[in-house]
S.K.: 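Once you've had a glance at the structure underneath, I'll fire off some questions.
In listed order, ligands and their atoms are each counted from 1. For this chain, numbers begin at 1 and follow the sequence in order.
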Amino acid sequence: MQNRFLGKNVLVTGASAGIGEAIAFRFAQEGASVAINYSRNDAGAAATAAQVRSAHAEGGYENATVLSHKADVSDESSVLGMFEAVLGEWGRLDVLINNAGIQKPAESDKSLTADFDRILGVNLRGCYMCSREAIRHFLSRPGGGVIVNNSSVHEIIPKPQYLPYSVSKGGMENLTKTLALEYADRGIRVNAVGPGAIVTPINMNWINDPVAKKVVESHIPMGRAGESEEIAAVFAFLASDEASYITGQTLFACGGLTLFPEFRTTWSS
Ligand code: NAD
């Protein structure tokens with residue numbers, strides 16, 4: 001394991017489970033101090049914190065620290081409170097990972113406005129508010145900063161019956177590009193990762209059902225779902241100096257899902 005984040009401070013939203021948990025662990029393995037944001041799952045956040053501490057111990061990162069902050073990223077006062085607490089503790093933030101996200105299926109003609117608002121609120125408005133606060137901090141001191149957003153293949157592939165989710169990730173693409181362009185000349189890079197189908201709690205409806213899992217995997221050119229660790233590695237790359245000339249991009253980590261799999265075999269001239 002490299003130690004690309006030695007002495008860096010990283011805030012990961014939605015880090016009490018799934019991909020966010022793996023991201024927190026990966027950054028800790030590479031030497032970062034990690035702030036774990038979560039909304040409800042105290043036990044999950046405590047488990048992530050324990051993993052971060054063990055990674056610090058294993059790597060011999062004596063000065064690295066872990067913070068936990070319970071905050072709903074869709075709520076502005078909670079977001080402001082979180083940045084105040086994290087910056088109050090560390091004095092400096094180097095990397096923001098906007099990972100928190102939710103989804104809820106519904107046929108669009110029967111869907112509820114309240115669900116649309118809630119999903120957009122967490123996935124997109126939360127990303128906007130956290131990014132704004134991070135950028136405000138990055139601009140307040142020398143050295144710039146990095147934001148990496150957790151988007152999805154549904155940034156570009158429509159997801160029927162998940163309209164608010166699809167819309168939130170489509171919006172995230174534009175948010176990523178717009179912020180990247182607006183702050184490119186001030187040392188701030190903004191990118192996104194677009195995961196495909198990853199084994200996390202958000203996908204419990206097919207992970208534990210062998211038949212449903214086979215159906216999911218049959219759509220993926222590489223023939224398998226991805227693991228959180230494979231996604232965390234992409235976040236670490238984009239946040240690192242190895243990606244120093246990359247901004248405004250979404251890097252899809254999806255086993256080929258964005259390659260129009262239905263065109264695997266030629267069916268038209
Ligand atoms: P998950 O359900 O395991 O984790 C979601 C995390 O977000 C949890 O830690 C949860 O506590 C947190 N969260 C939810 N609402 C929050 C709020 N209001 N404020 C703060 N935190 C909140 O799901 P996951 O699969 O790990 O998803 C993480 C991200 O990855 C999401 O943005 C999701 O859209 C994206 N993603 C996941 C997949 C996949 O297949 N798992 C694919 C593409 C994109």
Side-chain angles (χ1 to χ4, degrees), residues 11-26 34-49 51 68-83 86 96-105 115 117-130 148-157 159 162 164-173 175-176 192-207 212-213 216-217 219-220 224-232 234-235 250-255 257-258:
L11 167 60
V12 185
T13 69
S16 59
I19 297 172
E21 180 183 358
I23 293 170
F25 183 59
R26 174 65 190 238
V34 180
I36 296 161
N37 157 257
Y38 67 106
S39 57
R40 280 202 291 252
N41 183 356
D42 296 296
T48 306
Q51 284 187 56
S68 282
H69 193 91
K70 193 171 189 168
D72 177 346
V73 296
S74 71
D75 179 71
E76 184 155 42
S77 62
S78 301
V79 168
L80 296 180
M82 175 168 74
F83 275 83
V86 169
L96 167 68
I97 305 294
N98 283 306
N99 167 75
I102 54 172
Q103 64 178 15
K104 184 177 173 189
D115 288 338
D117 288 346
R118 178 76 194 136
I119 293 164
L120 268 288
V122 174
N123 297 10
L124 189 56
R125 196 159 160 276
C127 175
Y128 150 68
M129 292 189 291
C130 290
V148 190
N149 299 320
N150 201 343
S151 184
S152 167
V153 290
H154 297 296
E155 177 180 301
I156 55 170
I157 302 174
K159 191 174 188 185
Y162 288 82
Y165 184 81
S166 239
V167 169
S168 73
K169 300 301 185 180
M172 195 178 248
E173 178 185 20
L175 183 149
T176 301
V193 178
I198 311 303
V199 179
T200 73
I202 213 173
N203 287 324
M204 274 313 168
N205 57 339
W206 56 262
I207 287 168
K213 192 166 184 223
V216 169
E217 291 178 342
H219 291 283
I220 304 169
R224 66 171 178 86
E227 298 294 334
S228 292
E229 294 70 25
E230 295 179 285
I231 303 304
V234 185
F235 275 89
T250 297
L251 210 171
F252 291 102
C254 61
L257 260 182
T258 51

S.K.: For ligand 1, is Arg40 a contact, meaning one of its heavy atoms is under 4.0 Å away?
M.R.: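 No, Arg40 has no heavy atom closer than 4.0 Å to ligand 1.
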
S.K.: Picking from Arg125, Arg40, Arg118, what satisfies salt bridge (charged side-chain N to carboxylate O under 4.0 Å, His left out) with Asp72?
M.R.: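 Of Arg125, Arg40, Arg118, salt bridge (charged side-chain N to carboxylate O under 4.0 Å, His left out) with Asp72 is met by Arg118 alone.
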
S.K.: Tell me the closest heavy-atom pair linking Ala192 and Ser151, and the distance in Å.
M.R.: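 Looking at all heavy atoms of both residues, the closest pair is CB-CB, 4.2 Å.
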
S.K.: Is Asn203 reaching over with its side chain to a backbone N or O of Ile198, donor-acceptor style, under 3.5 angstrom?
M.R.: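 It does hold such a pair.
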
S.K.: Taking the minimum heavy-atom distance to atom 29 (C) of ligand 1, which of Asn99, Ile198, Ile19 ranks first?
M.R.: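 Residue with the shortest heavy-atom distance to the ligand atom: Asn99.
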
S.K.: Does Gly196 have a heavy atom less than 4.0 Å from any atom of ligand 1?
M.R.: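 So Gly196 counts as touching ligand 1.
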
S.K.: Could you give the distance from OG (Ser74) to CD1 (Ile102), rounded to the nearest 0.5 Å?
M.R.: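 Going from OG on Ser74 over to CD1 on Ile102, the span is 7.5 Å.
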
S.K.: Where is the nearest protein heavy atom to atom 30 (O) of ligand 1: which residue, which atom, and how far?
M.R.: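 So the nearest neighbour among protein heavy atoms is Asn150 ND2, 2.8 Å.
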
S.K.: Report yes if some heavy atom in the side chain of Phe25 is under 4.5 Å from a heavy atom in the side chain of Ser228; otherwise report no.
M.R.: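 A side-chain contact under 4.5 Å is absent here.
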
S.K.: Select one of side chain, backbone, both or neither to describe which atoms of Thr200 lie under 4.0 Å from any atom of ligand 1, heavy atoms only.
M.R.: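 Within the 4.0 Å criterion, Thr200 contacts ligand 1 through side-chain atoms alone.
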
S.K.: Does Asn203 come within less than 4.0 angstrom of ligand 1, counting non-hydrogen atoms of the residue?
M.R.: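 A heavy atom of Asn203 does come that close to ligand 1.
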
S.K.: How far is atom 12 (C) of ligand 1 from its nearest protein heavy atom, and which residue and atom is that?
M.R.: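 Nearest protein contact, heavy atoms only, for atom 12 (C) of ligand 1 is Gly14 CA, 3.5 Å.
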
S.K.: Give me the residue, atom name and distance of the protein heavy atom closest to atom 18 (N) of ligand 1.
M.R.: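 The closest heavy atom on the protein side is Asp72 OD1, 2.8 Å.
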
S.K.: Would you mind running through ligand 1 and noting each atom that sits below 4.0 Å from a heavy atom of Ile102?
M.R.: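 Listed by number with element, the hits are 14 (C), 15 (N).
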
S.K.: Strictly distance-based, threshold 3.5 Å: is any side-chain N or O of Asn150 a donor or acceptor partner for the main-chain N or O of Ala100?
M.R.: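 Side chain of Asn150 to backbone of Ala100, a donor-acceptor pair under 3.5 Å: no, none is there.
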
S.K.: Counting heavy atoms only, name the option from Tyr38, Trp206, Tyr165 that's nearest to atom 34 (O) of ligand 1.
M.R.: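 Looking at heavy atoms only, the winner is Tyr165.
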
S.K.: Look at the side chain of Asn37 and the backbone N and O of Ala71, then say whether any donor-acceptor pair between them is shorter than 3.5 Å.
M.R.: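 Side chain of Asn37 to backbone of Ala71, a donor-acceptor pair under 3.5 Å: yes, one is there.
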
S.K.: Quick check on Ser151 - does any of its heavy atoms sit under 4.0 Å from an atom of ligand 1?
M.R.: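 True for this residue.
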
S.K.: Nearest heavy-atom pair of Met82 and Cys130: which atoms, and what distance?
M.R.: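 Closest pair (atom of Met82, atom of Cys130, distance): CE-SG, 4.0 Å.
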
S.K.: If the cut-off is 4.0 Å to any non-hydrogen atom of Arg118, which atoms of ligand 1 fall inside it?
M.R.: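 Counting atoms of ligand 1 from 1, those under 4.0 Å from Arg118 are 18 (N).
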
S.K.: Would you mind running through ligand 1 and noting each atom that sits below 4.0 Å from a heavy atom of Ala197?
M.R.: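 It comes down to these atoms of ligand 1: 40 (O).
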
S.K.: Any idea which heavy atoms bring Pro164 and Leu120 closest together, and the distance?
M.R.: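 In this case the closest contact between Pro164 and Leu120 is O-CD2, 3.5 Å.
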
S.K.: Mind checking whether Met204 has a heavy atom under 4.0 Å from ligand 1?
M.R.: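 Contact check Met204 vs ligand 1: negative.
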
S.K.: In ligand 1, which numbered atoms sit nearer than 4.0 Å to a non-hydrogen atom of Pro201?
M.R.: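 Heavy-atom distances to Pro201 below 4.0 Å select 3 (O).
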
S.K.: Are any of the N/O atoms on Ser16, whether in the backbone or the side chain, positioned under 3.5 angstrom from an N/O atom of ligand 1?
M.R.: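 Yes, since at least one N or O of Ser16 sits under 3.5 Å from an N or O of ligand 1.
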
S.K.: For Thr13 versus Asn99, what's the shortest heavy-atom pair and its separation?
M.R.: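 So the two residues come closest at OG1-N, 2.8 Å.
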
S.K.: Do you know the tightest heavy-atom contact between Cys127 and Asn149?
M.R.: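 Taking Cys127 first and Asn149 second, the nearest heavy atoms are SG-OD1, 3.4 Å.
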
S.K.: Answer with yes or no whether Ala71 contacts ligand 1, where contact means a heavy atom under 4.0 Å from a ligand atom.
M.R.: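 Yes, Ala71 has a heavy atom closer than 4.0 Å to ligand 1.
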
S.K.: Which is closest to atom 43 (C) of ligand 1 in terms of heavy atoms, Pro195, Cys127, Ala17?
M.R.: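 Minimum heavy-atom distance to atom 43 (C) of ligand 1 goes to Pro195.
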
S.K.: At under 4.0 Å between heavy atoms, which part of Val73 makes contact with ligand 1: side chain, backbone, both or neither?
M.R.: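 Both of them.
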
S.K.: What is the nearest protein non-hydrogen atom to atom 5 (C) of ligand 1, stated with its residue, atom name and distance?
M.R.: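 Going atom by atom, the protein heavy atom closest to atom 5 (C) of ligand 1 ends up being Gly101 O, 3.7 Å.
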
S.K.: State the atoms of ligand 1, each with its element, that fall below the 4.0 Å cut-off from a heavy-atom position in Gly18.
M.R.: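 Those atoms are 3 (O), 26 (O).
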
S.K.: Which residue supplies the protein heavy atom nearest to atom 21 (N) of ligand 1, what is that atom called, and how far is it?
M.R.: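 Answer for atom 21 (N) of ligand 1: Ala100 CB, 3.4 Å.
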
S.K.: Less than 4.5 Å apart, any side-chain heavy atom of Phe83 and any of Leu11?
M.R.: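 Side chain of Phe83 against side chain of Leu11, heavy atoms only: contact under 4.5 Å found.
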
S.K.: For ligand 1, is Asn37 a contact, meaning one of its heavy atoms is under 4.0 Å away?
M.R.: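 The answer is yes: ligand 1 sits under 4.0 Å from a heavy atom of Asn37.
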
S.K.: So which bit of Lys169 gets within less than 4.0 Å of ligand 1, heavy atoms only: side chain, backbone, both or neither?
M.R.: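 Side chain only; the backbone of Lys169 stays clear of ligand 1.
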
S.K.: Grab the two heavy atoms, one from Ala24 and one from Thr48, that are nearest each other, plus how far apart they are.
M.R.: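 The answer is CB-CG2, 3.6 Å.
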
S.K.: Does any N or O in the side chain of Thr200 come within less than 3.5 Å of the main-chain N or O of Ile19, such that one atom is a donor and the other an acceptor?
M.R.: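 Side chain of Thr200 to backbone of Ile19: no pair is present.
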
